[in-house]
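First comes the structure, then the notes that go with it.
By convention here, the first residue in the shown sequence is residue 1. Note that ligands are numbered from 1 as they come in the structure, with each ligand's atoms numbered from 1 the same way.
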Amino acid sequence: MADATADPGASGGLQGLGRAVILLGPPGAGKGTQAQRITQRYRVPHLSTGDMFRDNIRRGTPLGLQAKPLMERGELVPDEIVLGMVEDRIAQPDCWTGFLFDGFPRTLAQAAALDQICGRRKLGRTIVLYMAVEQASLMRRLTGRRICKAGGHIYNIYDRPPRRDGICDEDGSELIHRPDDTEAVIKERFAAYDAQTLPLVDYYRVRGVLSSVDAMADADAVTASIRKILDGAIAAQ
Ligand code: ADP
């Protein structure tokens, strides 16, 4: 897999982001792929609420048991549950120099709660990267998505297939098809996105913290655009 973060000087001098960075966009926009690249370069934790729930489901925790049926139907997990989990996570020391959210916030209530948390913790101005895509292309991206069990590396059987069927190029582990990446559940996830998450675009735009990224471009070009925005913000702080 081509990796735009692989240049030798990539991490030189970059110590965290000092703020919350949010990847906002519909399911399949490429948030997970970009998050892996950004977190490697800027040395901040990648906080994917979807991954946190899947981890809780695997471990059979009470939180996982609550989230599982909702996720299987493509519905959102209630705000109080998500917020409790996120607050616990960002209290960890690795989050002191900032963090990158992928899949959070997903409702206006979550966004308002995050604003309060960032204010209390005196973090820098939040950056929201809005990954703009044509919805028509997303079904193919999602039904074709395969994720490596060990390292979370992301493939697509149509557009970015692994060299060997069902096996990760990076670490040789098995590739899995997420149970909610089926057509019927994807339609529900789009409906939840349109109704509950899309209003966040205006919420952040009026606050002047939204930067749009053309997420229809190839993954390396998207990474380059994001780096430009983040490097600009770091230089200005
Ligand atoms: P994607 O962005 O590809 O749809 P995620 O892995 O981010 O998938 O999320 C999978 C599921 O986890 C969602 O459909 C939802 O049920 C649940 N979930 C994840 N993050 C949140 C959140 N911030 N609020 C509510 N539910 C969430």
Subset of ligand 1 atoms that lie under 4.0 Å from at least one heavy atom of Q110: 22 (C), 23 (N), 24 (N), 25 (C)
Are any of the side-chain heavy atoms of M85 and L63 separated by less than 4.5 Å? yes
Looking just at side-chain N and O atoms, do T126 and R19 make a donor-acceptor pair shorter than 3.5 Å? no
Option whose closest heavy atom lies nearest to atom 5 (P) of ligand 1, chosen from M52, R189, E75, R106: R106
Any atoms of ligand 1 less than 4.0 Å from a non-hydrogen atom of T49? List them with their elements. 19 (C), 20 (N), 21 (C), 23 (N)
Hey, does the Lys NZ or Arg CZ of R207 hover above the aromatic six-ring of Y203, less than 6.0 Å from the centre and inside 45° of the axis? yes
Do any N/O atoms on R178 end up under 3.5 angstrom from N/O atoms on ligand 1? yes
Side-chain H-bond candidate by donor/acceptor type, Y204 with D115, under 3.5 Å: no
If you measure from each non-hydrogen atom of R145 to ligand 1, which part falls under 4.0 Å: side chain, backbone, both or neither? side chain
Any side-chain donor paired with an acceptor under 3.5 Å for Q66 and N56? no
Within a strict 4.5 Å, meaning less than it, do heavy atoms of the E75 and R189 side chains meet? no
Could you label the plane-to-plane angle of the F99 and F101 rings as parallel, tilted or perpendicular, counting under 30° as parallel and over 60° as perpendicular? perpendicular
Region of V82 engaging ligand 1 - heavy atom pairs below 4.0 Å: side chain
Is there a polar contact, in the sense of an N or O pair closer than 3.5 Å, between F53 and ligand 1? no
Looking at ligand 1, is there an atom of it that comes within less than 4.0 Å of some heavy atom belonging to M85? no
Heavy-atom contacts with G50 under 4.0 Å: which atoms of ligand 1 show up? List them by number with element. 5 (P), 6 (O), 9 (O), 19 (C), 20 (N)
Candidates K31, R141, M71, R73; heavy atom nearest atom 17 (C) of ligand 1 found on M71
If you have a sec, work out which protein heavy atom is nearest atom 26 (N) of ligand 1 and how many Å separate them, to one decimal? V77 N, 3.0 Å
If we ignore angles and hydrogens, is there a donor and acceptor under 3.5 Å between the side chains of H153 and D169? no
Would you kindly say whether T143 and E183 are connected by a side-chain donor-acceptor distance under 3.5 Å? no
Backbone, side chain, both or neither: what part of R54 comes under 4.0 angstrom of ligand 1, heavy atoms only? side chain
Please indicate whether any nitrogen or oxygen in P105 is less than 3.5 Å from any nitrogen or oxygen in ligand 1. no
Please say whether D51 places an N or O atom under 3.5 Å from an N or O atom belonging to ligand 1. no
